[in-house]
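A note on names: the letters A, B, ... follow the listed sequences, proteins ahead of strands, and every chain is numbered from 1.
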Amino acid sequence: MTTRRLGDASVRRGLRLIFRMLFRYRREAVASVLFALGWMVMTVAGPFLQKVVIDRAIVGERRDLLAPLVGAVLAVGAGRALGIAGRRYFAFRVSYRAETDLRNRIFEHIQRLTFSYHDRTATGELMARASSDLSQVRLIYAMLPITVANVVMFGVVGGLLVALDPVLGAVALAAIPALLGLAVVYARVVLETSFEVQERLADMATVVQEGVGGIRVTKAFGREMAEVARVEAVADGIFAKTMQLIGKRAAYVPVFELIPSAAAVAVLWIGGLRVIGGAMTLGDFVAFSQYMVILVFPLRITGFFFAELPRAAAAASRVVELLRTAPDIVDAPDAGPMPPGNGEVRFCHVGFSYPDGPPVLEDVDLRIPAGSAVAVVGSTGSGKTTLAYLVPRFYDPSRGQVLIDGVDVRRIRLDDLRSAVAVVFEEPFLFSATIRDNIAFGAPDAGDDQVRLAARLAQAHDFIVELPDGYDTVVGERGLSLSGGQRQRIALARAMIRDPRVLILDDATSSVDAVTEAEIRDALRTVMAGRTTIIIAHRVSTLALAEKVVLIDEGRVLATGTHRELLASVPRYREVLAEVSPGEEVAP
Amino acid sequence: MMYARYGADDRVERPLRLIRRAVALGRDLRWPATGALVAAVVATVARLAGPLVVRTGVDEGIRVADPGVVTRASILYLALLVVQYGTSRAAMYAVTLVGERYLRRLRVVVYRHLMGLDLGFFGRTKSGVLVSRMTSDMEALTTFADEGAISVLTSVLTVLGVGVGLFVTDPGLAWLVMALLPLLVAASLVFRRYADRAYRQVREQIGLVLGALQEGISGVRVVQAYTQEPGQQERFGRVNERYYEANLQAARAISTYFPAVDLLRTVGTAIVLFVGGGRVLDGTLTFGSLIAFLLYLNWFFEPIVQLSNVYNLAQGALAALSKLFGLLDRTPAVVEAADPRPLPEPVRGELVFDGVTFGYDPDVPVVRGLDLRVAPGSRVAVVGETGAGKSTLAKLAVRFYDPQEGRVLLDGIDLRDIGFVSLRRHVALVPQEGFLFDGSLRYNIAYARPEMSDEEVWEVCRTLGIDDWVRSLPERLDTDVRERGGRLSSGERQLVSLARALAADPALIVLDEATSNLDPESEAQVERALGVLLEGRTAIVIAHRLRTAERADRVVVMDAGRVVEDGTFAELVAAGGAFTHLRSVWEQAESVWGDGGGGSSGR
């Protein structure tokens, strides 16, 4: 990652987002800043009061003043504690509130972005927007109030020091900017190096993940030690980078720890001589030492803030980029409900291409009569999936139109359209929820009867009731692992509960053994009855379910007809299908 | 993977034993560790001596107006600072060096152990858990090594040193300040308990948030297809809000504890000022001592707060250690014999199952009393329904598992007696779903024999008929297979996987046929390559397709862990037994005509 500077336009947009969210929670933010300023005032007042105690009560030998003055020290201390509490609490609230809200917005936005966006964006990248990027942004909110107070404090304390003693004050004032600069440089150097360490650690995750994933291959060829050597190399990298980081940290951190002591030396030497010379009181002497101590932590924190700010702004700008990406498929202003009909689907001279991409589909003209089933066949990348996905508007055609029962799908409200067109995806994604919730996913109000009916239609009921908790069995990422065939059938049931007018089945029979495939095929046969169905077929066996076959090749409809017709008349069809193995005849 | 990190429970049983064991692993690091300790002690002493110098400067210099003493004290202090800088820098570096060296070793030791474990273990354990052992657990230890360890060391030394310093300066006043200590400790303990609970909540909730997020992203197509965006958003919003609440709980704890500690510090200062100031007036305490006391106080509270912060890191590190040692305590179920024999060359590849019984759970045998002899150079197809024990047979044949009863013999030698190197050299299991490692095509093909020359790798490609394809790639053998990630089709991955097996040149190949379908063209290519690979070798093929069985010299039908039919394809078809049933199911699946006749066997 390149470090982006605060001047970049995108980074400025990031900063604007940060400030917009800050404005939304201005009450908490202002409260936190006020508490921080209160804390600052009390912090500065503390040593001053100590000075008064020493000069007036102890050196001035006024025992009667000792108790009230110490009482004042306590009161100021209590105020300071209150300031810390309020500052921290409200800063936490702003920061977590902003993070939570932004995460909600990101999630909402991700849900609205269309297939074409998700096709080209990795899950991990979107995860990073909503997790690590937001954490970085949150840090700024958490640190902002104290930074405001700190910056004010540098001014106030500087002024006080000069007022206490011009000579020592001048020395201290010269030291503050230098130390602040040092703190910023330190934070930047350390952040950069620790970022590199993080990258090495991520390498480790990748290598181990792969080593564990490929363990069967590794064992099969007896190459365990080669895998260990890989990990060893990454471990060496982590070690070297970390030591580089620590080398830097060990050079800088003791400097900060030395500041109070260095100040003490300066105070002892310069101040001591000036006290002897009568230019300074003993109380001034003590106050000076205390002020220098007070400044150390704010210096480090402020340095960290300014080093962190560009990174947070860059993170925020990535979030802005995501939020500014407009979903490319939305309801037309004059969109209406589904037209009446039984689900006739027509593709009229449809073309599709990704922006700046070669055409995926070209001039596809096709009519699928209501209630009939069509199998779309083509080799990988031929555009057959894209074609089917134009019906529920997962993509919009670049040219031509797609009609359901005579109406362009772009003139139908998305909700209505997608309720009427159910899709069973190639990879049957199940949510981490009960089987019932998964089946009722598209119809959350469905009763148990409907869920069971859909499951029966999809031939899933029998295996579901045999599971430990039946319909209440939790599946998905964090639940019971089901076989590919079982997941397929649940996905089918999920489609069935919507009683769709049009059904789109994307190669629903991959990755299962022959027996399961037979079961799924039986299920398909029942669910397809009387419904317009588009089957995106990879396997020859699936073709049996369709009345008509459409051969797509390089984005065009090459031929339509029955399987038998195509076999007889289209050589390319035979190429695509019949080469399952050389020497094996497919034709009758 | 990421849930494991956040959902982890940090409580640890018997921490002392754990620490002793951890220390034992790093015994040879004791000298650098001692060096770090010495440096830290010197640094702390140098730091703590400062206020005493100031006291001398005030009492014997400023109070009696002797500039010479003030100057000498200042120079002495300055010298102490130089020493302090050098030693703290050295201590910080050395402590981390020890920690990181230790961790580097631990990573390799744990991973080596992991790689030696049997596949049964990998089958039972989610890969995310194993990855988190090597990543988040190690990182918990790193964090402690980099930030916690030095902090603990200097904090403990400082508290001890300041304590001594306070008592040396003035015992009476020291006792008074010490009286605050129980309060501080009590506050820290209460905070600890409360914060632990709050942070556990936070960890649980972040796990749920990330889980919901991941699901919302991976499942976004389904969500949109079923127009459930609002419902998903609401669900996510609820999870997200609970995370916010948990964070706020933790924020409350923090926002209470730190001000409380700060207040205690003020109370300490007030006591010193009031009592100490009074005694200065009485003449029982010098003014310099009072100032030294005030300086010490600043150092007394900070380390205790630090320790309280580090407590979290230490807890996390201990939890990680306990999980790592738990992994190291696993013993592999398959180990090399004490006196392994190499296979006598040339290896003929005769494989015999002799009354083999095996179950992943010994009480539930998957393979029962299996007898089977595979003649050298012959190809046997193993068929049967899901759960018949086919894959288990394959794994036993390559000694991924050892049978509970009976023996598996290769060229007459029990697999358990053969050395690992020799066994892996001559026997290969080829999972046909091509798993590729991150790296170049060359790395993947020459995986079993990295010493292969480029010419040899090309020869393998030529033999397999994939050389034209490799030449068409932008960087040929140097093409990074992961960068092209999704772009290597599953057919291409399978071909690379077959090339890898061919490069290994084993005498016995056990092949688990891929169940996923390829587009017909790639399928034909894979078929051809397979034919080349199996040529002249003993092969056991777990078949999922009819034509694979058809091509074998012999077909073995398994059911419930036993061989129920055995013979040539034609014999079994003629016999009309279990195989006939299986064949009809397959035919239906593969048939072009569905219910009709024809299809692959229709000639």
Side-chain angles (χ1 to χ4, degrees), chain A residues 53 58 66 70 73-74 77 81 84-85 88-89 92 96 100 104 107-108 111 123 126 130 205 208-209 212 214-217 220-222 224 228 231-232 235 239 242 246 250 254 261 265 268-269 272 275-276 379-380 415 418 423 429 442 510-511 514 517 538-541 544 579-581 588, chain B residues 50 57 62 65 70 74 77-78 85 88-89 92-93 96 100 104 107-108 111-112 115 122 127 130-131 134-135 213 217 219 222 225-227 229 233 236-237 240 244 247 251 255 259 262-263 266 270 273-274 277 280 424 428-429 431 435 448 516-517 519-520 524 527 585-586 589 592 594 598:
Chain A
V53 174
I58 302 174
L66 196 55
V70 169
V73 168
L74 271 176
I84 297 177
R88 278 184 179 262
Y89 179 70
F92 276 129
Y96 285 118
T100 307
N104 273 334
F107 187 83
E108 277 179 42
Q111 296 288 305
T123 306
L126 292 176
V208 172
Q209 192 141 34
V212 171
I215 186 72
R216 268 159 54 99
V217 179
F221 294 107
E224 291 93 331
V228 173
V231 159
E232 205 159 353
F239 175 75
T242 310
I246 296 304
S261 308
V265 173
L268 179 63
W269 203 339
V275 172
I276 292 173
S379 52
T380 311
D415 267 10
R418 290 182 182 168
V423 183
F429 184 89
S510 68
S511 302
E517 192 186 320
H538 288 272
R539 296 200 162 192
V540 171
S541 61
E579 290 170 6
V580 171
S581 69
Chain B
I62 300 175
V70 171
S74 300
Y77 202 165
L78 212 54
Y85 178 79
S88 15
R89 186 171 170 173
M92 203 169 166
Y93 192 82
T96 315
E100 287 293 326
R104 190 206 161 278
R107 284 191 169 99
V108 175
Y111 199 66
R112 187 177 298 144
M115 284 286 119
F122 285 94
S127 68
L130 298 179
V131 173
M134 285 296 293
T135 54
L213 193 61
I217 298 171
V222 178
Y226 291 86
T227 56
E229 294 94 331
Q233 281 158 18
F236 182 78
N240 202 15
Y244 169 73
N247 269 316
S255 311
D262 197 74
L263 190 59
T266 308
L273 275 175
F274 186 71
V280 171
R424 299 296 177 226
L429 179 117
F435 179 92
S516 78
N517 55 328
D519 65 87
E527 285 284 325
V585 175
W586 273 352
V592 179

Just by distance, do the side chain of B:Tyr226 and the backbone of A:Val423 share a donor-acceptor pair under 3.5 Å?
yes
So what's closer than 4.5 Å to chain B heavy atoms on A:Thr100: side chain, backbone, both or neither?
both
Nearest 0.5 angstrom please: B:Gln233 CD to A:Glu108 CD, how far?
4.0 Å
Please classify the contact of A:Val53 with chain B as side chain, backbone, both or neither, using a heavy-atom distance under 4.5 Å.
side chain
Looking only at A:Gly77, A:Pro254, A:Ala250, the option with the highest number of non-hydrogen pairs under 4.5 Å against chain B is A:Ala250
Over all heavy atoms of both residues, which pair between B:Pro259 and A:Ala81 is shortest? Give the atoms and the distance, please.
CB-O, 3.2 Å
Please report the shortest heavy-atom distance between A:Val228 and B:Met115, naming the atom on each side.
CG2-CG, 3.9 Å
Can you confirm whether A:Phe92 is buried at CZ, in the sense that more than 12 heavy atoms of other residues, nucleotides or ligands lie under 6.0 Å from that atom?
yes
Contacting region of B:Asn240 [heavy-atom separation from chain A under 4.5 Å]
both
Could you tell me which portion of B:Val280 (side chain, backbone, both or neither) has an atom closer than 4.5 angstrom to a non-hydrogen atom of chain A?
side chain
Stepwise salt bridge (Lys or Arg N to Asp or Glu O under 4.0 Å) check, B:Arg107 with A:Glu232
CA-CA 8 Å; B:Arg107 284 191 169 99; A:Glu232 205 159 353; over 6 Å; no
Choice from B:Phe236, B:Tyr85, B:Phe122 maximising heavy atom contacts with chain A below 4.5 Å
B:Phe236
Closest approach of B:Tyr77 and A:Val265, non-hydrogen atoms and distance?
CG-CG2, 3.3 Å
For the candidates B:Leu78, B:Leu273, B:Val108, B:Leu130, which exhibits the highest count of non-hydrogen atom pairs separated by less than 4.5 Å from chain A?
B:Leu273
Which pair of non-hydrogen atoms, one from A:Gly272 and one from B:Ile62, has the smallest distance, and what is that distance?
CA-CD1, 3.5 Å
So which heavy atom on B:Phe274 is nearest to which on A:Leu66, and how close?
O-CD2, 3.4 Å
Hey, which of A:Asp415, A:Val208, A:Val275, A:Leu126 has the most heavy atom pairs under 4.5 Å with chain B?
A:Val208
Given a strict heavy-atom distance threshold of 4.5 Å, which part of B:Tyr93 is in contact with chain A: side chain, backbone, both, or neither?
both
Interatomic spacing from OH in B:Tyr244 to CG in A:Asn104 - rounded to 0.5 Å:
12.5 Å
Measure across B:Val222 and A:Phe429 and return the closest heavy-atom pair with its distance rounded to 0.1 Å.
CG2-CB, 3.9 Å
